[in-house]
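By convention in this document, chain letters (A, B, ...) are assigned in the order of the sequence lines, proteins followed by strands, and residues within each chain are numbered from 1.
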Number of protein chains: 2
Amino acid sequence: MTAPLCAIFRKHLKSRNLKYTPERADILNAIIERDDVFEVEELLMEMRAGGYRVSKATLYRTIKLLQEAGIINQALFDARQSHYQLIYGKAPRDYLVCIKTGRHIEFSSDDLVALRDQLCRKHGWDPVGHRFLVYAISPEGRDQAD
Amino acid sequence: MTAPLCAIFRKHLKSRNLKYTPERADILNAIIERDDVFEVEELLMEMRAGGYRVSKATLYRTIKLLQEAGIINQALFDARQSHYQLIYGKAPRDYLVCIKTGRHIEFSSDDLVALRDQLCRKHGWDPVGHRFLVYAISPEGRDQAD
DNA sequence: GTCGGTGCAAATGCTTTGCATTGAT
DNA sequence: ATCAATGCAAAGCATTTGCACCGAC
């Protein structure tokens, strides 16, 4: 699993004429080893504890690159500075998001709602709403150089 | 639609021994009228343009209350300071999140993945990953005073 | 008169940026 | 030599907080 990720990252960097530096390799490895949701500060501590020397600036810059490469994404679980929306009693809005171009399509699916309600029932919870983001590559994104 | 929301908000406030003030009413109304994803600063501008005088502090404080009441939530679409996670080639992690207690359960569903892939195919996109957050009320949350 | 609410301004704290230095081709 | 990467410290910026004043019950 680590080999392909590394290869994907290198490919992405190459396509943008950027370099696969030791710092970037270390960061990717630290993320792979962690294999869990992480906060930036947290990852930095761990890397330093493990003897890796990276600056916070480089870490942030690399995280952005890894996102662009489709290797990591935001857990979007506890966000600051986010957008808000009415949910109470509204049909949920679901999105297809292209990881290459950023384009997104809004859709809504009854099957999804049915599945959601079924999952809730299974756990004894009462559904109120949901958020479904599908990360994908759009036809235009597929055609882009990579 | 606006009446029940207002009632729900009042009920929530009452349960916490808080008051339904004119500022809070104005904010809820502005959000209802907008009926779309919004940013805080944006909403503030609009309210002011409409002649409503609210401070940014009150707006933020009210948004927190509205979230607690389950009336709005974060669109989680473009976040700062968020958590990150590996996604490439990983089984996606899906969550049931209790809007009352904050407790969350992680799960994963093959049916969901199948549905996701089908939706992507329908639009000619290639699925890479997804994020599914279900907002619900857990058994403990249901038992809480409200 | 007590308790919460509001606005303002200051403080926080994550993230980004400017800049000088370093390294790879 | 050129072009990008790094680290540091400073800057940015959305959000939160402290505090003094106001208003409802």
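Residue contacts shown for A:E41 are absent, as no nucleic acid heavy atom lies under 4.0 Å away.
The CG atom of A:L119 lies 5.0 Å from the CZ atom of B:F107; values are rounded to the nearest 0.5 Å. Rounding to the nearest 0.5 Å gives a distance of 14.0 Å between CZ of B:R116 and OG of A:S109.
Phosphate contact (OP1/OP2 of D:dC8, side-chain N/O of A:S55, threshold under 4.0 Å): absent. The side chain of B:T21 contributes an N or O atom lying less than 4.0 Å from OP1 or OP2 of C:dT6.
In this structure, A:L44 atom CG and C:dT15 atom P are separated by 12 Å, rounded to whole Å. Atom NZ of B:K14 and atom P of C:dG4 are 16 Å apart (whole Å). One atom, CD of A:Q74, and another, P of C:dC14, lie 15 Å apart when rounded to the nearest Å. Nucleotide C:dG5 holds its C1' atom 16 Å from the CZ atom of B:R10, rounded to whole Å. Going from atom CG of B:L59 over to atom P of C:dG5 covers 15 Å, rounded to whole Å. At whole-Å resolution of the value, CG in B:N17 and P in C:dT2 are 18 Å apart. Between the CG atom of B:L13 and the P atom of C:dG4 there is a distance of 13 Å, rounded to whole Å. Computed from coordinates, the A:Y52 OH to D:dT6 C1' distance equals 18 Å when rounded to whole Å.
For A:L18, counting side-chain heavy atoms from C-beta on, the closest listed nucleotide (C:dG4, D:dA4, C:dG7) is D:dA4.
Partners of A:A114 by side chain to side chain contact (heavy atoms under 4.5 Å, CB included), not counting sequence neighbours: none found. Remark: B:V37 engages A:H83, A:Q85, B:A75 in a side chain to side chain contact (heavy atoms under 4.5 Å, CB included) (not counting sequence neighbours). Among residues two or more places apart in sequence or in another chain, the salt bridge (charged side-chain N to carboxylate O under 4.0 Å, His left out) test is passed with A:D111 by none.
The side chain to side chain donor-acceptor pair (under 3.5 Å) contacts involving residues 16-26 of chain A comprise A:R16-A:E68, where partners must be two or more places apart or lie in separate chains.
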- Message: Generate the contact string for nucleotides 16-25 of chain D. Rules: B means base contact, S means sugar-phosphate contact only, - means no protein heavy atom under 4.0 Å.
- Response: BBB-------
Quiz: residues 40-50 of chain B side-chain donor-acceptor pairs under 3.5 angstrom, not counting sequence neighbours:
from	atom 1	to	atom 2	distance (Å)
B:E41	OE1	B:K56	NZ	3.3
B:E41	OE2	B:K56	NZ	3.3
B:E42	OE1	B:R34	NH2	3.3
B:E42	OE1	B:E39	N	2.9
B:E46	OE1	B:R34	NE	3.3
B:E46	OE2	B:R34	NE	3.0
B:E46	OE2	B:R34	NH2	3.1
B:R48	NH2	B:V54	O	2.7

